[in-house]
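Notes follow the structure.
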Amino acid sequence: MFLFSFFKIVHIIAGFAALLVFWIPVVTKKGGKTHNRVGWVYVVSMGVVALSALYMGVWRIGFDPDRTADSTAFAWFLIFISLLSSASAWHGIRVLRFKKRVAAHRQLADLFVSALLLISGVAISAYGFLIDFPLLSYFPFIGIFLGATQLAYWLRPPNRRMHWWFEHLGGMLGCCIATVTAFTLFGAPRLLEVDSVSIVVWFMPSIILVPVIIGFSVYYRKKFSASKSA
């Protein structure tokens with residue numbers, strides 16, 4: 001139990017650190033020192049969040065003597081959040097390494113991570129419908145969508161300028177969606193005294209951040225197009 005409490009504290013600290021520093025790379029000069037250094041602080045924080053969430057989820061399912069049906073369902077949600085955040089961060093980093101590619105990408109590690117996100121999303125969603133748990137039924141659709149779009153990106157030759165930049169942005173913002181969602185589900189209900197499984201609560205981060213992703217993509221697509229024609 002001590003080890004679980006330790007990982008819980010580490011998880012909370014790393015989660016707050018990720019939430020605090022995330023917007024700095026977003027608003028600072030892309031490729032600059034601040035962007036790169038703080039970006040890595042965010043990635044490392046998210047790595048700690050993902051690993052601690054994975055441990056707590058596995059412990060709840062396999063070793064918690066007081067587990068209930070609801071706590072088991074939430075444990076699976078923790079495990080899925082861990083995979084969603086780590087897979088999104090992995091994708092956001094890896095696209096930078098292969099930004100000069102001109103053909104389909106066949107690196108097994110990258111395809112495996114994206115496929116795992118897609119398949120686990122389908123499995124967790126099916127499990128949620130089976131036990132009639134709305135959170136697990138519908139939230140994994142985000143992972144299914146991200147996993148499918150990541151696979152489509154890797155398996156097709158690039159067809160637009162600065163393709164890697166948009167994938168990097170989407171990966172990091174997708175990672176942020178996982179972080180903020182976890183906070184609103186486990187932190188906000190205790191602070192605001194609201195229902196932790198309210199559909200408004202657990203989809204609010206996606207409702208807010210998905211338009212942000214779209215807005216940034218449209219803005220920079222126009223900016224890159226203008227610089228190319230100049």
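Count residues from 1 along the sequence.
Residues F63 and F4 are not in side-chain contact: their nearest non-hydrogen atoms beyond the backbone lie 4.5 Å or more apart. Counting only heavy atoms from C-beta outward, the side chains of I93 and W40 approach each other to under 4.5 Å. Using a 4.5 Å cut-off on side-chain heavy atoms (C-beta onward), S125 and Y138 make no contact. R160 places a side-chain heavy atom less than 4.5 Å from the side chain of F166. The side-chain heavy atoms of P158 and R101, taken from C-beta on, include a pair separated by under 4.5 Å. Taking 4.5 Å as the limit, every side-chain heavy atom of R60 sits out of range of all side-chain heavy atoms of W76. Counting only heavy atoms from C-beta outward, the side chains of W165 and L96 never approach each other to under 4.5 Å. A heavy-atom distance below 4.5 Å is not found between the side chains of D64 and T72.
Remark: Q150 CD to L117 CG distance equals 6.0 Å, nearest 0.5 Å. Taking OG of S52 as the start and CZ of F6 as the end, the distance is 10.0 Å to the nearest 0.5 Å. Atom NE2 of H168 is separated from atom CE of M162 by 11.0 Å, given to the nearest 0.5 angstrom. Between atom CD of residue E167 and atom CG of residue L169 there is a gap of 9.5 Å, rounded to the nearest 0.5 Å. In this structure, M56 CE and L51 CG are separated by 11.0 Å, a value rounded to the nearest 0.5 Å. Distance check, rounded to the nearest 0.5 Å: CD1 of I124 to CG of L84 gives 11.5 Å.
Considering every non-hydrogen atom in both L136 and A73, the closest pair reads CD1-O, 3.4 Å. Between S120 and F80, the closest heavy-atom pair is OG-CE1, 3.7 Å. Considering all non-hydrogen atoms of both residues, V102 and P157 come closest at O-CB, 3.7 Å. Smallest separation of non-hydrogen atoms from M172 and A89: CE-O, 3.6 Å. Of all heavy-atom pairs between L155 and R106, the closest is CD2-NH1, 3.2 Å.
Side chains of H11 and Y55: a donor-acceptor N/O pair is absent below 3.5 angstrom, by distance only. Between the side chains of D110 and H105, at least one donor N or O lies within less than 3.5 Å of an accepting N or O.
Cluster annotation: V38 and V44 are assigned to distinct hydrophobic clusters (Ile/Leu/Val/Met/Phe/Trp/Tyr, side-chain heavy-atom contacts under 4.5 Å, transitive). The hydrophobic cluster containing W23 also contains V49, counting ILVMFWY residues as joined when their side-chain heavy atoms lie under 4.5 angstrom apart, directly or transitively. By the criterion of side-chain heavy atoms lying less than 4.5 angstrom apart, applied directly or through intervening Ile, Leu, Val, Met, Phe, Trp or Tyr residues, I81 is not grouped with I119; the two fall into different hydrophobic clusters.
Within 6.0 Å of CZ in F145 there are 12 or fewer heavy atoms belonging to other residues, nucleotides or ligands. Atom CZ of F98 has more than 12 heavy atoms from other residues, nucleotides or ligands within 6.0 Å. For W154, the CH2 atom is densely surrounded, since the number of other residues' heavy atoms within 6.0 Å is greater than 12.
V122 is linked by a side chain to side chain contact (heavy atoms under 4.5 Å, CB included) to I144, counting only residues two or more places apart in sequence or in another chain.
Put simply, the residue from L83, L146, I142, V113 that forms a side-chain contact (heavy atoms from CB on, under 4.5 Å) with S88 is L146.
With R156 contributing its side chain and Y153 its backbone, the two residues share no donor-acceptor pair below 3.5 Å. H91 contributes no side-chain N or O that, together with a main-chain N or O of G171, makes up a donor-acceptor pair within less than 3.5 Å. A side-chain donor-acceptor contact under 3.5 Å links S71 to the backbone of T68. With hydrogens and angles ignored, the 3.5 Å screen pairs a side-chain donor or acceptor of S86 with a backbone N or O of S82.
Taking the six-membered ring for Trp and thresholds of 30 and 60 degrees, F129 and F141 have ring planes inclined between 30 and 60 degrees apart.
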Query raised in the report: Would C175 and Y42 satisfy side-chain contact (heavy atoms from CB on, under 4.5 Å), going step by step from the backbone distance to the final call?
Result: CA-CA 10 Å; C175 187; Y42 173 75; 3.5 Å; yes
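Remark: aromatic rings of F74 and F133 are close, center separation under 6.0 Å.
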Solution key, residues 12-22 side-chain donor-acceptor pairs under 3.5 Å, sequence neighbours excluded:
none

